[in-house]
Amino acid sequence: MTEKRRTISVGNVDIGGNNEISIQSMTNTKTSDIKTTVAQILDLEKEGCEIIRVAVPDVDSANAIKEIKSKINIPIIADIHFDHRLALRSVENGADGLRLNPGNIKKKRYIKLVVNKAKEKNIPIRIGVNAGSIDRKKYEHPTPEALVDSALNHIKILEKMNYENIKVSLKSYDVNTTIKSYELFSNIRDYPLHVGITEAGDFFKGSIRSSIGIGILLYKGLCDTFRVSLTADPVKEVMVAKEILNSLNIRQFGIDIISCPTCGRTEIDISKIVQTVKERTRDIDANLKVAIMGCAVNGPGEARDADIGIAGGKKEGLLFEKGEIMGKYPEDKLIKLLIERIKKYEND
Ligand code: SF4
């Protein structure tokens with residue numbers, strides 16, 4: 001199988017090949033509640049979400065896509081199960097992509113209608129296989145082989161209709177199963193991969209499971225777009241997604257803050273300084289390494305290596321910039337100067 005996966009486009013976002021890894025999320029509002037859904041999508045956009053998926057369980061939701069789309073700025077994917085009419089309606093209303101498993105639509109002619117509509121509008125379909133929803137009569141356990149086989153069955157239906165504008169996901173709650181599924185699949189087909197650990201849990205647990213699973217897949221080059229699934233505000237999904245990409249130096253969001261864990265030597269409030277700096281520099285995307293260190297043991301070394309840094313002392317600290325000591329200041333002034341210096345780089 002080729003190293004590079006093929007490229008597809010969801011609205012104005014190109015996926016696969018050498019394109020940037022994109023961040024997705026999904027709304028948890030009723031899609032038919034246009035006002036609330038738009039507000040949530042705009043919040044997600046502000047945080048950095050690049051593709052949004054909405055559930056389409058009924059006609060009102062499919063109809064709502066038209067107005068929602070006119071008020072947002074990122075591509076919208078309609079998530080459909082079983083009912084081809086909802087897919088047709090969503091596409092007519094401007095959906096930039098469908099998440100739909102053709103094998104779950106009973107009649108072939110209905111699938112054909114959806115495929116023809118997708119071809120006409122040149123929009124992709126994501127085949128999304130989840131461990132929890134594979135056919136248990138056919139597969140005893142949600143093994144990687146079962147997930148991949150299930151995905152291939154859906155894919156073959158589309159391929160027989162000469163439709164290959166496809167993206168694939170093979171999600172499981174189990175991190176090992178998920179990784180093995182993507183490994184297995186990528187040896188068989190070169191469709192772009194949407195990645196995630198499904199039903200990963202609340203903010204704490206879900207972030208960790210997702211970081212490990214998605215992180216490993218990113219490291220192996222087996223991810224083109226991903227969603228961190230959390231039982232939480234979806235804005236948090238995007239925050240975690242950005243940090244995963246930052247951690248692997250794949251993309252850079254915000255500034256890179258290095259902070260010491262603090263210990264018995266700490267005599268300034270490192271936690272408060274970190275939170276204040278994070279809050280005040282939230283909107284700055286700059287390739288800038290900022291070290292916030294508690295004392296003279298590791299502090300000066302890290303602070304010197306960073307673009308800007310502080311090394312704490314007793315209610316005071318040294319401020320470093322580009323390896324040079326800029327001065328020694330009391331704690332309050334130190335925070336103020338640190339933020340001022342960071343902001344200087346904003347438009348550089
Ligand atoms: Fe402790 Fe200093 Fe290390 Fe921070 S930098 S953890 S204060 S030794």
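We count ligands from 1, going down the list as the structure has it; atoms in each ligand are counted the same way.
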Query raised in the report: Taking Arg5 as the fixed residue, which of Asp224, Asp190, Asp14 is the one that meets the salt bridge (Lys or Arg N to Asp or Glu O under 4.0 Å) rule?
Result: Asp224
Query raised in the report: Mind checking whether atom 4 (Fe) of ligand 1 has an N, O or S of Cys263 under 2.8 Å?
Result: no
Requested in this report: Could you go through the salt bridge (charged side-chain N to carboxylate O under 4.0 Å, His left out) check for Glu331 and Lys314 one step at a time?
Outcome: CA-CA 9 Å; Glu331 191 167 338; Lys314 196 166 185 175; over 6 Å; no
Query raised in the report: Considering the options Ile257, Ile258, Ile255, which one meets the side chain to side chain contact (heavy atoms under 4.5 Å, CB included) requirement together with Lys289?
Result: Ile258
Report summary line: Logged contact type for Ile270 with ligand 1, heavy-atom cut-off 4.0 Å, is neither
Report task. Provide, to 0.1 Å, the distance between atom 4 (Fe) of ligand 1 and the closest protein heavy atom, together with that atom's residue and name. Result -> Cys260 SG, 2.4 Å
Requested in this report: List the steps and the verdict of salt bridge (charged side-chain N to carboxylate O under 4.0 Å, His left out) for Asp96 and Lys69.
Outcome: CA-CA 9 Å; Asp96 297 293; Lys69 192 174 153 79; 2.9 Å; yes
Report task. Give the C-alpha distance, both sets of side-chain angles, the deciding distance and a yes or no for salt bridge (charged side-chain N to carboxylate O under 4.0 Å, His left out) between Arg251 and Glu50. Result -> CA-CA 13 Å; Arg251 291 179 66 182; Glu50 292 159 321; 2.7 Å; yes
Query - Thr281/Val290 under side-chain contact (heavy atoms from CB on, under 4.5 Å): CA gap, chis, key distance, verdict - result: CA-CA 11 Å; Thr281 60; Val290 176; over 6 Å; no
Report task. From the options Cys295, Ala291, Ala303, Gly294, select the one whose nearest heavy atom is closest to atom 2 (Fe) of ligand 1. Result -> Cys295
Report summary line: Near Arg265 (heavy-atom distance under 4.0 Å), the atoms of ligand 1 are 8 (S)
Query raised in the report: What atoms of ligand 1 come closer than 4.0 angstrom to any heavy atom of Thr262?
Result: 6 (S)
Report summary line: protein heavy-atom neighbour closest to atom 7 (S) of ligand 1 works out as Thr266 OG1, 3.4 Å
Requested in this report: Could you tell me the residue and atom name of the protein heavy atom closest to atom 3 (Fe) of ligand 1, and the distance to it rounded to 0.1 Å?
Outcome: Asn298 ND2, 3.7 Å
